Number of protein chains: 2
Amino acid sequence: MKANQQKNNEKLSECPFQEAMDLISGKWTMTVINTLMAGKLRFKELERAIEGINTRMLVKTLKELESRKIVNRKAYATVPPTVEYTLTKKGMTLQPVIKEIQNWAINNLQMTLSQ
Amino acid sequence: MKANQQKNNEKLSECPFQEAMDLISGKWTMTVINTLMAGKLRFKELERAIEGINTRMLVKTLKELESRKIVNRKAYATVPPTVEYTLTKKGMTLQPVIKEIQNWAINNLQMTLSQ
DNA sequence: CGGGATCCGTCCTGATACTG
DNA sequence: CAGTATCAGGACGGATCCCG
């Protein structure tokens with residue numbers, strides 16, 4: 001997720017696990033992917049769906065995911081502009097990972113929820 | 001992983017998934033946990049086992065994980081000192097998550113490995 | 001050995017303002 | 001609507017020095 005990973009890629013890619021974590025560990029990455037699991041969404045829809053994210057981070061996260069072939073971007077020359085984001089096939093393969101994290105969160109974090 | 005999460009916990013904990021990602025997404029967090037899956041390790045052993053980490057980040061990560069009850073710390077009053085780190089039961093429950101990430105990494109990232 | 005404390009530079013993050 | 005530009009603050013990362 002970090003911008004300087006392009007420079008460090010040679011080192012990081014020694015280990016697939018590290019590289020995966022590197023991709024996954026962006027603050028909003030998995031949330032965006034998770035939100036897109038439901039299907040095609042426009043930029044503003046994503047922004048509204050993801051609590052707490054702001055424009056800049058959503059743009060950044062989407063660009064990163066696009067460059068990694070996790071997310072697909074389709075722009076239509078309408079006025080106002082329409083841009084739709086979907087998961088690629090590669091992106092869809094992350095579903096089991098997300099499920100596992102969600103499971104873990106539900107089983108091991110719920111008691112720490114205040115209130 | 002971030003230090004300011006204690007302040008933000010009320011907001012973050014609205015969503016268990018976000019909270020999980022928050023915990024997981026530390027740069028070294030999952031690597032440390034993964035390394036400890038093999039069993040008990042001393043500080044220097046961990047530092048040597050994890051390529052690229054430095055003392056400060058290992059200390060930080062371990063403290064964070066200790067406070068979250070993921071990692072257990074046992075210190076022995078020997079000379080020189082001996083400190084052993086193990087996963088707690090809660091920490092062990094992350095194994096399926098790590099497995100899933102590893103699986104995904106192997107199946108979807110290996111072709112991006114240079115060389 | 002197992003850290004703690006500090007300095008210091010870089011990069012990431014978030015909020016705000018602005019544009020086609 | 002879908003972004004871009006900018007700026008301040010905090011997190012990260014490495015090096016160094018210190019202690020019991």
Side-chain angles (χ1 to χ4, degrees), chain A residues 1-9 11-12 18 21-32 35-36 40-67 71-86, chain B residues 1-9 11-12 18 21-32 35-36 40-67 71-86:
Chain A
M1 183 55 193
K2 274 79 175 183
N4 66 335
Q5 272 153 15
Q6 261 58 32
K7 309 180 221 157
N8 297 339
N9 257 349
K11 294 176 185 179
L12 286 171
Q18 279 286 350
M21 282 313 302
D22 194 48
L23 164 59
I24 282 174
S25 69
K27 180 169 182 180
W28 300 104
T29 309
M30 291 303 261
T31 307
V32 168
T35 307
L36 282 175
K40 174 190 314 184
L41 284 176
R42 298 176 62 177
F43 187 87
K44 274 295 173 197
E45 290 175 330
L46 269 171
E47 197 170 8
R48 265 181 259 116
I50 300 172
E51 193 109 7
I53 202 168
N54 63 15
T55 306
R56 204 178 63 88
M57 291 315 294
L58 182 53
V59 170
K60 249 189 114 179
T61 306
L62 285 170
K63 278 190 179 169
E64 172 74 15
L65 289 174
E66 206 189 335
S67 80
V71 158
N72 219 309
R73 193 189 112 114
K74 276 183 200 164
Y76 302 92
T78 56
V79 179
T82 303
V83 180
E84 289 173 347
Y85 292 91
T86 51
Chain B
M1 184 50 195
K2 274 78 174 184
N4 65 334
Q5 272 153 13
Q6 261 57 33
K7 311 179 219 157
N8 298 338
N9 258 350
K11 294 177 184 179
L12 286 171
Q18 280 286 348
M21 283 312 301
D22 193 49
L23 164 59
I24 281 174
S25 69
K27 179 168 182 182
W28 300 104
T29 310
M30 290 302 261
T31 306
V32 168
T35 307
L36 283 176
K40 173 190 314 183
L41 284 176
R42 299 176 61 176
F43 186 87
K44 277 293 174 197
E45 290 175 330
L46 268 171
E47 196 171 9
R48 266 180 259 118
I50 300 174
E51 193 108 7
I53 203 169
N54 64 15
T55 306
R56 206 174 59 90
M57 292 316 293
L58 182 53
V59 170
K60 250 187 114 177
T61 306
L62 285 171
K63 278 192 179 168
E64 172 74 16
L65 289 174
E66 205 188 335
S67 81
V71 157
N72 219 311
R73 192 190 113 112
K74 276 185 201 164
Y76 300 92
T78 57
V79 178
T82 303
V83 181
E84 290 173 346
Y85 293 92
T86 52

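Fair warning: this is a prediction, and the values are worked out from it, not measured in the lab. Residue numbering restarts at 1 for every chain, and letters A, B, ... go by the order of the sequence lines.
Note: CG (B/L46) to P (C/dC1) measures 14 Å, nearest angstrom. Going from atom CD1 of B/I50 over to atom C1' of D/dG14 covers 17 Å, rounded to whole Å. The distance between atom CE of A/M57 and atom P of D/dA11, rounded to the nearest whole Å, is 14 Å. C/dT13 atom P lies 10 Å from atom CD of A/E64, rounded to whole Å. Taking atom CG of A/N54 as the reference point, atom C1' of C/dT16 lies 10 Å away to the nearest angstrom. Spacing between atom CG of B/L41 and atom C1' of C/dC1 amounts to 15 Å, rounded to whole angstrom units. In this entry the distance linking CG of B/L58 with P of D/dC12 reads 14 Å, nearest Å.
A/E45 and A/Y85 share no side-chain donor-acceptor pair at under 3.5 Å. Residues B/E47 and B/T55 bring a donor and an acceptor atom of their side chains to less than 3.5 Å of each other.
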Produce the list of close N/O pairs, under 3.5 Å, pairing protein atoms with atoms of nucleotides 2-8 of chain D; give distances to one decimal.
unit_1	atom_1	unit_2	atom_2	d
D/dA2	OP1	A/R42	NE	2.9
D/dA2	OP1	A/R42	NH2	3.3
D/dA2	OP1	A/V83	N	3.1
D/dA2	OP1	A/V83	O	3.4
D/dA2	OP2	A/F43	N	3.4
D/dA2	OP2	A/K44	N	2.8
D/dG3	OP1	A/R73	NH1	2.2
D/dG3	OP2	A/R73	NH1	3.4
D/dG3	OP2	A/Y85	OH	2.5
D/dT4	OP1	A/K63	NZ	3.3
D/dT4	OP2	A/K63	NZ	3.1

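Put simply, A/K27 has no side-chain N or O that comes within less than 4.0 Å of OP1 or OP2 on C/dT13. Close to D/dA11, at under 4.0 Å from its OP1 or OP2, lies no side-chain N or O of B/W28.
Between the side chain of B/T61 and the main chain of B/M57, a donor-acceptor pair closer than 3.5 Å is present. A donor-acceptor pair under 3.5 Å is absent between the side-chain atoms of B/T29 and the main chain of B/S25, judged by distance alone. Looking only at distances, a side-chain donor or acceptor of B/T35 sits under 3.5 Å from a matching main-chain atom of B/T31.
Between B/R48 and B/F43 the shortest side-chain heavy-atom distance does not fall below 4.5 Å.
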